[in-house]
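Have a look at the structure below, then the notes.
Each residue takes its place number in the sequence, starting with 1.
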Amino acid sequence: MATVRGSPGLLALLLPLLLLTGGSRPGSADRCSWRGSGLSWEPRSRAVEQVHLRCTAGSLEWMYPARALRVLLEPNLASAQHTTVCIKPASDFQGASIYVERAGQLHLVASPQRDISRRTASFQYELLSNQSTAGPDLKKMALVEAMCRPCDNVELLMAICSSDFVLKGSIRSVSHDPENHMSQVDVRVQKVYRQKNQIFQQEDGSGEWWGPIQTLLQCKVKKGGGDFLFTGNEHFGEAWLGCAPRFKDFMLVYQAARERGANPCEFELN
């Protein structure tokens with residue numbers, strides 16, 4: 001998953017050695033996602049396909065990629081300043097490179113393969129905002145940046161209020177994927193306090209609740225005993241780890257904050 005920070009939400013998908021030049025076709029209709037094919041182009045055309053995506057999340061699938069595709073990410077939200085673009089190329093993303101355009105210059109973001117004989121270039125995208133310190137997207141960004149270090153007490157108290165999922169559980173297993181620079185923590189769940197979608201579910205047969213949580217390989221997550229409070233946010237349908245203290249340590253922090261009236265939200269203790 002690539003993260004791009006900067007002001008404009010403008011992406012260019014280019015075949016190797018092809019510059020973003022030539023005339024532009026009329027812009028596509030506003031949408032969250034786009035699917036198209038390079039086979040619809042005139043054989044000698046140097047036109048650049050322009051696609052306008054006006055949502056904070058969506059996907060793009062470019063079949064038989066040819067020449068260049070110019071993607072403008074323009075969320076139709078007057079009050080939001082989206083400055084971070086998260087991109088997750090599909091596992092079979094091949095045949096194109098992704099660039100972000102800043103001040104008229106192209107900067108390479110992702111190039112999973114340069115084999116132009118491949119047939120599909122596709123990815124999902126999300127836009128995050130850092131406009132306001134009170135905005136939930138900023139809290140998500142802060143938690144992502146904190147993946148590989150313990151959260152301080154303030155971050156922990158904010159995490160239980162703003163995370164997409166909050167649960168009590170233990171680590172069942174940890175697996176590592178060096179190729180994609182990711183680790184997966186399989187969690188045995190004792191109690192789900194909150195989850196945005198149904199990532200953590202009850203297994204058929206055993207009746208045990210569990211679910212997978214993703215984190216960065218560089219965090220060097222290991223299996224540990226005992227109960228933890230797992231928090232984090234969802235990106236592209238996956239749970240990503242935020243703050244994860246031992247449950248007994250969390251309880252001490254929360255109870256002390258509650259006694260001082262410093263807890264930003266109420267949390268179910270029982």
Side-chain angles (χ1 to χ4, degrees), residues 1 57 86 88 124 126 128 134-177 180-259 262-270:
M1 181 173 65
C86 294
K88 182 182 181 181
Q124 296 173 277
E126 287 185 2
L128 301 181
D137 283 338
L138 178 62
K139 297 166 188 172
K140 291 180 182 180
M141 290 171 61
L143 291 178
V144 169
E145 293 172 354
M147 276 185 186
C148 292
R149 63 170 176 81
C151 294
D152 62 29
N153 291 350
V154 174
E155 290 171 327
L156 175 56
L157 292 171
M158 289 303 302
I160 63 172
C161 303
S162 61
S163 294
D164 290 337
F165 65 89
V166 181
L167 55 96
K168 178 184 179 181
S170 58
I171 298 176
R172 187 162 75 173
S173 64
V174 177
S175 57
H176 303 290
D177 181 358
N180 292 309
H181 308 286
M182 291 170 51
S183 296
Q184 178 171 302
V185 182
D186 289 335
V187 175
R188 181 180 293 107
V189 180
Q190 297 179 29
K191 184 174 181 62
V192 176
Y193 295 98
R194 179 169 68 253
Q195 64 171 322
K196 185 177 180 181
N197 293 302
Q198 299 301 310
I199 293 178
F200 304 95
Q201 298 186 5
Q202 194 172 23
E203 280 185 324
D204 294 334
S206 69
E208 183 179 272
W209 280 76
W210 83 283
I213 301 178
Q214 312 298 326
T215 189
L216 301 178
L217 183 66
Q218 68 195 53
C219 295
K220 300 179 180 179
V221 176
K222 298 179 180 179
K223 182 178 179 180
D227 296 333
F228 295 83
L229 181 79
F230 295 97
T231 72
N233 290 286
E234 293 183 22
H235 296 287
F236 308 113
E238 298 175 333
W240 281 81
L241 186 63
C243 299
R246 291 193 175 275
F247 194 81
K248 61 181 181 179
D249 295 334
F250 158 70
M251 291 293 290
L252 293 175
V253 171
Y254 178 76
Q255 289 173 341
R258 192 177 188 186
E259 290 174 3
N263 53 314
C265 65
E266 288 293 326
F267 184 78
E268 181 185 357
L269 294 176
N270 297 325

In this structure, SG of C151 is separated from CG of L156 (nearest 0.5 Å) by 6.5 Å
So CD of Q190 and CZ of F230: to nearest 0.5 Å the spacing works out to 9.5 Å
Residues at least two apart in sequence or cross-chain that pass side chain to side chain contact (heavy atoms under 4.5 Å, CB included) with P264, listed by chain then number, are L157, M158, C161
- Quick one: does D177's side chain get under 4.5 Å of L217's, heavy atoms only? no
Residues passing the side chain to side chain donor-acceptor pair (under 3.5 Å) test with S183, sequence neighbours excluded, are H176
Between the CZ atom in R194 and the CG atom in L167, the distance rounded to the nearest 0.5 Å is 10.5 Å
Q218 meets the side chain to side chain contact (heavy atoms under 4.5 Å, CB included) criterion, sequence neighbours left out, with C148, L216
- Message: Checking the side chain of Q202 only, and the main-chain atoms of G207 only, is there a donor and an acceptor separated by less than 3.5 Å?
- Response: yes
Rounded to the nearest 0.5 Å, the CD atom of E155 sits from the OG atom of S162 at a distance of 10.5 Å
In this structure, OG1 of T231 is separated from CG of L241 (nearest 0.5 Å) by 7.0 Å
Hits for side chain to side chain donor-acceptor pair (under 3.5 Å) against E203, two or more places apart or cross-chain, chain-then-number order -> S206, W210
> Is any side-chain heavy atom of D164 closer than 4.5 Å to a side-chain heavy atom of I199?
Replying inline: no
When Q184, E234, H235 are each screened for side-chain hydrogen bond (donor to acceptor under 3.5 Å, both in side chains) with Q214, the one that passes is Q184
Sequence neighbours excluded, the answer for side chain to side chain donor-acceptor pair (under 3.5 Å) partners of D152 is none
Smallest heavy-atom separation, A239 atom then P212 atom, equals CB-O, 3.7 Å
For residues 247-259, which side-chain N or O atoms pair as donor and acceptor with protein atoms under 3.5 Å away, sequence neighbours left out?
unit_1, atom_1, unit_2, atom_2, d
Y254, OH, F267, N, 2.8
R258, NH2, E266, OE1, 3.2

So salt bridge (charged side-chain N to carboxylate O under 4.0 Å, His left out) across residues 204-221, not counting sequence neighbours, yields R172-E208, R188-E208
All heavy atoms of V166 vs all of A159, minimum pair found to be CG2-O, 4.2 Å
Closest heavy-atom pair, D227 versus S170, reported as atoms and distance to 0.1 Å, is OD1-CB, 4.2 Å
Those residues at least two apart in sequence (or on a different chain) that pass side chain to side chain contact (heavy atoms under 4.5 Å, CB included) with Q124 are S59, K88, F236
Residue set satisfying side chain to side chain donor-acceptor pair (under 3.5 Å) with W209, at least two apart, ordered chain then number -> none
